[in-house]
Structure formats: structure tokens, C-alpha cells
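Treat the numbers as computed from the prediction; the structure is a model and nothing was measured.
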Amino acid sequence: MINVTKTYLPPLEEYQAYLEKIWASGWVTNHGPHVLDLEAQLKSYLGVKYLRFVNNGTIALQLCLKSEQLNGEVITTPFSYVATTSSIKWEGCTPVFADIESGCLTLDPQKIEKLITSKTQAILATHVYGIPCDVEGIQKIADKHNLKVIYDAAHCFGTRYKGKSVLEYGDLSTLSFHATKLFHTVEGGAVVSRTAEKDHQISYLMNFGHQGPEAFQGVGINAKASELNAAMGLCLLPRVSNFIQKRKALSELYDSLLVNSKTKLIRPSIREGTDYNYSYYPIIFRSEEELLRVKTALNAKEIFPRRYFYPSLSSLPYVDHYSTPISNDISSRIMCLPLYVELANAEVEMIASIVLESL
Ligand SMILES: *Cc1c(COP(=O)(O)O)cnc(C)c1O
């Protein structure tokens, strides 16, 4: 069986060596030494100044929305994982959907402005599949209308844009370290802030609002990550550059077999200036009917691609409807083929030949 992704697990002895240290100290959570070590190593690897390791990528989004005290309208993308939208609703805000760019599939700045009302407070955009948004275009509109900009960068581990980390754009960015992501801590995530003040605020929001053992700065929640999660991150971080190289090679192999004028299959565009991380292998079919035919043929051989991202989030049952024709169209005919470090070239060749046969 081949799934869309497979969690990379380090050699057991390596993880066990961390467990022995944790057992010896008895310190399993609450800002332990492995959490602090991982935070320091992540800041250095990613090239960011302020980062807090939290227990998942969804709570990272909630912390960002909470820290900006948002309660009105948030303009967002319909083309992302459901957590981008559900966290807006969960925090008591109203998602307003602007359509995406047809090439990069990220929130289109030109579609944002006409949706701005007196209730608009922020923009929450996703660097989908690790492709950076038009961060300059989005910032220009945000500055003009005094809006906060939050990026869901769950797919962006290691992505750089115009010479710096993509996490350095906007007011806040979030990462997910879920087991299905490029870099993982089983469950986990991070909030990247741009200022020391914001970073400090995140640090108390994620720890019940504690300011010392007996004082509270305000209302908070528990978003702390454990030493066991940090240990997994410490095992994997030194391997991430290799992960990205391997995924690049597999992606290029898929491209060479599938993407040409005969198949008419196309790939999302990677924005110019991007140092890409190859976090997924999305491919766009000519129609939903063709996609379903390919999916059925792959499933019959125990191969399970995923329809990331379907349905378009503007069709969720708990949001107001907005017209997002590009997102609706792309969602209906885009699919991610299996891509993970341990996938063999021969498996990519087999998957590609099944795709070609069923076009
Ligand atoms: C995975 C993902 C999330 C959620 O992260 P979790 O760590 O699973 O909570 C949010 N947004 C996007 C775009 C994701 O892909």
C-alpha cells in the first residue's frame, strides 16, 4: 500500500537516547531543556528571530488570531486545509473568502480590496503547498487599510522567498509539525512573531496566561509541547536538508514522466524568487472526471493519492458563501500524488504509468 505520505521515523536507538535523558531528569513537559533546544535550533535553521514551539499547527493559528484580539471579519483563502477556516470561526471571527491566483493558487491581492468593510480586521492567507503568497501585494493592501497579516505557513518548512525565510513576512506566521508534514514532532507547530513584544505575548497566551507561578497577565490556554515531541524534532531537524533534496529528485522524476504537451497535465506555478521545499506533489487534471478516473485506477492498485484541497473552503456548511470560481475549479481537479522520503524511484515510475494509462 502506498499512501500520499508516510511519516519518517528516525532509527529507534536515536530517539531512545533522548528518552533516556528525559527519564533520568524526570522533566517531561513545561518548557523543558529539549523544547528550549529545539526552539533555538529551529530559529537558527529557519533564519527567524522569534519562534515558539506549540502542541499543534491549529492552536498556533488560534494563538495568532487571539493575540491580535480579532472579533470581526478576516479575509482568507478558500484553497487550504480546513484548519485555516475553522480556526477563524473557532475564535469567533467571520471568514470572508477572496479567490486565489490561477497560477500559484494563493490568495489573490487584487480580489481582497473589494471585500474590505468597516468590520475587516485581518488577512489570513496560506502559502499553499509551500508556494509563497504574493506577500508584497498583500502587505500593500494591509498597510493601506490598517489590517493585520497572518500567514498559515504549515506547508512552508524551510521555504525561502527573495533571500529570506518566508516566515519573515506579515505580522505573524504559523507552522505545523504534524506527522504528515515535511518536518514533524508527531504533533506540534510553531508561532513565528516579528517583534519581541508579540513573542512575549504568545509565550503567556500559550501557558494559561501565567506571569510567574502566582500572577496572570490575561486569559490563556495550554499550547505547550512536551519533551517527547521536542525529542522527535531534535532527531529529524539535522535530516531536513536531505529530506528536501530527496523530495526534489522524486518531484522532478514525476515531472519528467507526467508533465508534457501530450498529457496536458499541469503543475501549480512556483512564484519567482522562491527557494522551494517540495512539500507536496500536486498535479492539475483537465477535468474532475479525469481526476476521478485516475484516482480509481490508483486505488485499485492500493495507491492512495489525496484530493488536497477539496472541497473549496467557501463551500463549508458553517461559513457564508462567497463567489470563488477559480478555487472551486482548481479544487475539483487537483490531486496530490504520493511523495515522501522513503518512496522509491520505481514506485514513482509505477504510479506515473498508472496515471498515464488512465488519462
Ligand atoms: C496541517 C495543516 C494545519 C493544521 O496543523 P495541525 O498541526 O495538524 O494542527 C493548518 N493549516 C494547513 C494549511 C495545514 O496543512
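Partners of Glu91 by salt bridge (Lys or Arg N to Asp or Glu O under 4.0 Å), not counting sequence neighbours, listed by chain and number: Lys66. Under the salt bridge (Lys or Arg N to Asp or Glu O under 4.0 Å) criterion, Glu136 pairs with Lys162, sequence neighbours left out. Judged as a salt bridge (Lys or Arg N to Asp or Glu O under 4.0 Å), and not counting sequence neighbours, the contacts of Lys248 are Glu252. Partners of Arg247 under the salt bridge (Lys or Arg N to Asp or Glu O under 4.0 Å) rule, at least two apart in sequence or in another chain, do not exist in this structure.
Centroid-to-centroid, the aromatic rings of Tyr169 and Tyr161 come within less than 6.0 Å. Taking the ring centroids of Tyr129 and Tyr278, they lie at or beyond the 6.0 Å cut-off. Between Tyr276 and His155, the ring centre distance reaches or exceeds 6.0 Å. Separation of the Tyr204 and His210 ring centroids does not fall under the 6.0 Å cut-off.
By the rule that hydrophobic residues join a cluster once side-chain heavy atoms approach within less than 4.5 Å of another member, Phe309 and Leu61 end up as members of separate clusters. When the side chains of ILVMFWY residues are joined at heavy-atom separations under 4.5 Å, either directly or via intervening members, Leu253 and Ile270 end up in two distinct hydrophobic clusters. The hydrophobic cluster containing Val35 also contains Val48, counting ILVMFWY residues as joined when their side-chain heavy atoms lie under 4.5 angstrom apart, directly or transitively. Both Ile75 and Val319 sit in one connected hydrophobic cluster of ILVMFWY residues. Membership requires side-chain heavy atoms under 4.5 Å apart, directly or through other members. Note on Leu63 and Tyr50: separate hydrophobic clusters, where clusters join Ile, Leu, Val, Met, Phe, Trp and Tyr whose side-chain heavy atoms are under 4.5 Å apart, directly or indirectly.
Of the N and O atoms on the side chains of Ser176 and His178, not one donor lies less than 3.5 Å from an acceptor on the other residue. A donor-acceptor pair shorter than 3.5 Å can be found between the side chains of Asn328 and Ser312. A donor and an acceptor atom, one from each side chain of Thr126 and Ser80, are located under 3.5 Å apart. No donor-acceptor contact under 3.5 angstrom links the side chains of Thr29 and Glu227, judged on distance only.
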Give every donor-acceptor pair under 3.5 Å between a side-chain atom in residues 106-115 and any protein atom, sequence neighbours left out.
unit_1, atom_1, unit_2, atom_2, d
Thr106, OG1, Arg271, NH2, 2.9
Asp108, OD1, Gln110, N, 2.9
Asp108, OD2, Lys111, NZ, 3.3
Glu113, OE2, Lys144, NZ, 2.7
Glu113, OE2, His145, NE2, 2.8

Show me the side-chain donor-acceptor pairs of residues 230-238 shorter than 3.5 Å, one per line, residues at least two apart or across chains.
none

Enumerate, atom names and distances included, each donor-acceptor pair closer than 3.5 Å involving a side-chain atom of residues 188-202, sequence neighbours excluded.
unit_1, atom_1, unit_2, atom_2, d
Arg194, NE, Glu168, O, 3.3
Arg194, NH1, Glu168, O, 2.8
Arg194, NH1, Gly170, O, 2.6
Arg194, NH2, Glu168, O, 3.0
Thr195, OG1, Lys198, N, 3.1
Lys198, NZ, Ser67, O, 3.3
Lys198, NZ, Ser67, OG, 3.0
Lys198, NZ, Glu68, OE2, 3.2
Lys198, NZ, Gln201, OE1, 3.0
Asp199, OD1, Arg52, NE, 3.1
Asp199, OD2, Arg52, NE, 3.4
Asp199, OD2, Arg52, NH2, 2.9
Gln201, NE2, Ser67, O, 3.2

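As a member of the Ile/Leu/Val/Met/Phe/Trp/Tyr network built from side-chain separations under 4.5 Å, Phe304 groups with Met1.
Although no hydrogens or angles enter the test, the distance criterion places no donor-acceptor pair under 3.5 Å between the side chain of Gln211 and the main chain of Gln217. At distances below 3.5 Å, at least one donor-acceptor pair connects side-chain atoms of Ser87 with backbone N or O atoms of Ala83. Here the side chain of Asp99 pairs a donor or acceptor atom with the backbone of Ile326 at under 3.5 angstrom. A donor-acceptor distance shorter than 3.5 angstrom exists from the side chain of Asp152 to the backbone of Ala154, with no hydrogens or angles considered. Thr120 places no side-chain N or O within 3.5 Å of a backbone atom of Glu73 that could act as its donor or acceptor partner. At distances below 3.5 Å, not a single donor-acceptor pair connects side-chain atoms of Asp171 with backbone N or O atoms of Lys148. Formation of a donor-acceptor pair under 3.5 Å by the Asp134 side chain with backbone atoms of Gly137 is found in this model. Remark: the backbone N or O of Pro311 is not paired with any side-chain donor or acceptor of Ser315 at under 3.5 angstrom.
The salt bridge (charged side-chain N to carboxylate O under 4.0 Å, His left out) analysis of residues 279-290, with sequence neighbours excluded, yields the pairs Arg286-Glu290, Glu288-Arg307, Glu289-Arg293. Applying the side-chain hydrogen bond (donor to acceptor under 3.5 Å, both in side chains) rule to pairs touching residues 294-306 yields nothing, sequence neighbours excluded. Residue pairs meeting the side-chain hydrogen bond (donor to acceptor under 3.5 Å, both in side chains) criterion with at least one partner in residues 338-359, sequence neighbours excluded, do not occur; the list is empty. Sorted by first and then second residue, the pairs that involve residues 236-273 and meet ring pair (Phe, Tyr, Trp, His ring centres under 6.0 Å), not counting sequence neighbours, are Tyr8-Phe243, Tyr254-Tyr281.
Partner of Lys224 under the side-chain hydrogen bond (donor to acceptor under 3.5 Å, both in side chains) criterion, out of Asn30, Asn207, Asn229: Asn30 alone.
Surrounding CG of Asn146 are at most 12 heavy atoms belonging to other residues, nucleotides or ligands under 6.0 Å away. More than 12 heavy-atom neighbours from other residues, nucleotides or ligands sit within 6.0 angstrom of NZ on Lys164.
Residues Leu292 and Phe285 are not in side-chain contact: their nearest non-hydrogen atoms beyond the backbone lie 4.5 Å or more apart.
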